[in-house]
There are 2 protein chains.
Amino acid sequence: MAIQQFSRSLPMMLYRTLDAVMPRFRKIFNDFGLTEQQGRVLRVLWERDQIALGELARLTLIPTPSLVGIVDRLSSMELVARQRSDRDRRVVHVLATDKGLALEPEIMPRVAAAYANLKQSIDAESWDLALQGLQKISALGEAAKRND
Amino acid sequence: MAIQQFSRSLPMMLYRTLDAVMPRFRKIFNDFGLTEQQGRVLRVLWERDQIALGELARLTLIPTPSLVGIVDRLSSMELVARQRSDRDRRVVHVLATDKGLALEPEIMPRVAAAYANLKQSIDAESWDLALQGLQKISALGEAAKRND
DNA sequence: TCTAAATAATTAATATATTAATGATATTGT
DNA sequence: ACAATATCATTAATATATTAATTATTTAGA
């Protein structure tokens with residue numbers, strides 16, 4: 001009974017849901033020699049010309065120390081580049097190279113299709129209510145962050 | 001706009017929600033010198049006398065190769081022990097030691113309080129609907145797993 | 001202006017995740 | 001009984017997460 005509760009707790013349900021949905025997306029990126037996190041970084045850079053490493057961390061939800069290594073590896077694959085800011089020399093901007101940009105039309109259609117297929121396998125109301133609930137719960141964390 | 005979509009996608013909402021809720025639980029386990037995953041293993045062992053490593057992996061949602069190292073470390077802390085099965089000598093059972101069992105009354109009240117506090121900060125309906133939605137979505141993965 | 005505090009990226013150390021392979025034991029079909 | 005296959009735990013190699021410390025630079029304040 002107690003274990004049943006643990007198994008149905010919010011954290012475990014979140015982990016279980018990720019285990020259920022992520023393999024299909026990971027597989028797409030893996031087909032291009034990329035990890036899930038490397039793919040997240042590219043997805044953001046496909047939409048933004050350049051972006052400070054710190055903001056890239058916030059948008060991808062990748063912790064900054066991890067992101068340093070991820071950008072290192074993407075950089076050695078020549079998919080992204082670093083550029084130190086002139087305004088504030090502490091800041092490093094990250095941007096996609098031409099080679100990195102060229103991947104978007106290869107990858108995104110498959111991602112979009114997988115996402116549509118996933119969404120379609122759940123009734124629309126459950127889907128929306130789940131996302132709305134997550135929105136409310138995650139807002140707690142954002143508020144907490146602003147207060148420390 | 002496209003980046004907005006990415007940011008509000010189910011996977012990113014799941015990660016964002018975990019980022020919002022897990023730090024408070026992690027902090028409790030850290031206070032006892034434990035990681036989140038080590039805490040997950042102990043929580044299951046507090047409810048079951050002994051359990052095969054593979055089933056422990058399923059219940060904790062920890063991948064088996066990771067679990068091997070986690071049990072190694074818990075074992076060297078003398079919080080759990082391994083016992084090879086007689087029935088099937090491929091199977092290893094894991095169980096909590098007395099020292100491991102003694103942690104339950106120290107840790108669980110704080111976990112329960114943190115969970116109650118979290119749940120209380122969201123309206124009950126949103127909470128329930130979110131969990132029901134997650135239940136449906138995660139069921140997809142279970143089904144997929146049974147088919148390969 | 002000069003120093004103390006704050007910020008951005010990085011490094012470091014340890015733990016965990018991912019994917020593939022391996023070794024030992026069980027099971028199945030013949 | 002035997003060979004092929006399957007299963008369980010483990011190892012291996014690489015990538016990422018977590019937490020704390022460090023370096024370079026900027027900002028705030030005396």
Side-chain angles (χ1 to χ4, degrees), chain A residues 11 15-16 18-19 22-42 50-58 60-77 79-80 82-94 145 148, chain B residues 11 15-16 18-19 22-31 33-42 50-58 60-77 79-94 145 148:
Chain A
Y15 285 127
R16 204 187 325 275
L18 280 168
D19 283 356
M22 293 315 292
R24 71 194 74 194
F25 297 112
R26 249 175 235 138
K27 168 140 194 13
I28 298 171
F29 290 110
N30 289 352
D31 284 348
F32 293 88
L34 298 169
T35 65
E36 178 197 332
Q37 287 83 347
Q38 290 166 3
R40 296 227 293 272
V41 168
L42 284 176
Q50 59 166 35
I51 188 166
L53 191 125
E55 197 184 350
L56 187 55
R58 281 189 295 278
T60 55
L61 304 182
I62 292 172
T64 308
S66 299
L67 188 54
V68 170
I70 292 166
V71 169
D72 283 347
R73 285 179 282 277
L74 284 171
S75 182
S76 72
M77 292 181 233
L79 299 176
V80 310
R82 276 181 169 91
Q83 196 164 10
R84 192 163 286 273
S85 166
D86 285 327
R87 295 236 187 103
D88 183 339
R89 301 185 33 73
R90 292 169 302 181
V91 174
V92 166
H93 291 292
V94 184
K145 219 171 263 182
D148 50 36
Chain B
Y15 285 127
R16 206 187 322 278
L18 280 168
D19 283 356
M22 292 317 290
R24 70 194 74 194
F25 296 112
R26 251 177 233 136
K27 168 144 196 7
I28 297 172
F29 289 109
N30 289 169
D31 285 348
L34 298 170
T35 65
E36 179 197 331
Q37 287 83 347
Q38 290 166 3
R40 295 227 293 272
V41 168
L42 284 177
Q50 60 165 35
I51 187 167
L53 192 125
E55 197 183 351
L56 188 55
R58 282 191 295 278
T60 56
L61 305 182
I62 294 172
T64 307
S66 300
L67 188 55
V68 169
I70 291 165
V71 169
D72 282 348
R73 285 179 283 280
L74 284 171
S75 181
S76 71
M77 292 182 234
L79 298 177
V80 310
R82 276 181 169 92
Q83 197 164 9
R84 192 163 288 272
S85 167
D86 286 327
R87 295 236 188 105
D88 183 338
R89 303 188 30 75
R90 291 168 303 180
V91 174
V92 167
H93 291 292
V94 184
K145 218 170 266 183
D148 47 38

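Per chain, numbering begins at 1; letters A, B, ... match sequence-line order.
Regarding B/Lys27, its NZ atom lies at a distance of 23 Å from the P atom of D/dA17, rounded to whole Å. Distance, A/Met77 CE to D/dA15 P: 8 Å, rounded to whole Å. Atom CD in B/Glu55 sits roughly 11 Å away from atom P in D/dC8 (whole-Å rounding). We find that CZ of A/Phe29 is positioned 16 Å from C1' of D/dA15, with the value rounded to whole Å. In this structure, A/Asp72 atom CG and C/dT10 atom C1' are separated by 9 Å, rounded to whole Å. Remark: P of C/dT14 and CG of B/Leu34 are 18 Å apart, rounded to the nearest angstrom. Atom CZ in B/Arg87 sits roughly 13 Å away from atom P in C/dA26 (whole-Å rounding).
The side chain of B/Arg73 places an N or O atom within less than 4.0 Å of a non-bridging phosphate oxygen (OP1 or OP2) of C/dT16. Residue B/Arg89 has no polar side-chain atom (N or O) positioned under 4.0 Å from OP1 or OP2 of D/dC8. A close approach under 4.0 Å does occur between a side-chain nitrogen or oxygen of A/Arg82 and OP1 or OP2 of C/dT10. For the pair B/Arg84 and C/dT25, the criterion of a side-chain N or O lying under 4.0 Å from OP1 or OP2 is not met. A sub-4.0 Å separation between OP1 or OP2 of C/dA17 and a side-chain N or O of B/Ser66 is present. Close to D/dT18, at under 4.0 Å from its OP1 or OP2, lies no side-chain N or O of B/Gln37.
Of all nucleotides listed (C/dA26, C/dT11, D/dT10), C/dT11 comes nearest to the side chain of A/Val68. Listed candidates were D/dA9, D/dT25, D/dA17. Nearest to the side chain of A/Ile70 is D/dA17. Looking at the side chain of B/Leu53, the nearest of the listed nucleotides D/dT19, D/dA9, D/dT26 is D/dA9.
Of the inter-residue distances, the one linking A/Arg58 atom CZ with B/Arg16 atom CZ reads 12.5 Å to the nearest 0.5 angstrom. Atoms CD and CZ, on B/Gln37 and B/Phe29 in that order, are 10.5 Å from each other to the nearest 0.5 Å.
Residue-to-nucleotide proximity on DNA chain C shows that, of A/Ala52 and A/Asn30, the 5′-proximal contact is made by A/Ala52. Comparing A/Val91 and B/Pro65 along DNA chain C, the residue whose closest nucleotide (by nearest heavy atom) sits nearer the 5' end is A/Val91.
Using a 4.0 Å heavy-atom cutoff across all strands shown, B/Gln38 reaches sugar-phosphate atoms only and no base atom. Nucleic acid contact for B/Leu67: none, since no nucleic acid atom lies under 4.0 Å from a heavy atom of the residue. Within the 4.0 angstrom heavy-atom criterion, only backbone atoms of the sugar-phosphate kind lie near A/Thr35; the bases stay farther away.
Side-chain atoms of B/Arg84 come within 3.5 Å of backbone atoms of B/Arg89 as a donor-acceptor pair (strictly under, hydrogens ignored). Under a 3.5 Å cut-off, the side chain of A/Gln38 and the backbone N or O of A/Thr35 do form a donor-acceptor pair.
Counting all heavy atoms, side chain and backbone alike, A/Ile62 lies closest to A/Leu67 at CG2-N, 3.8 Å.
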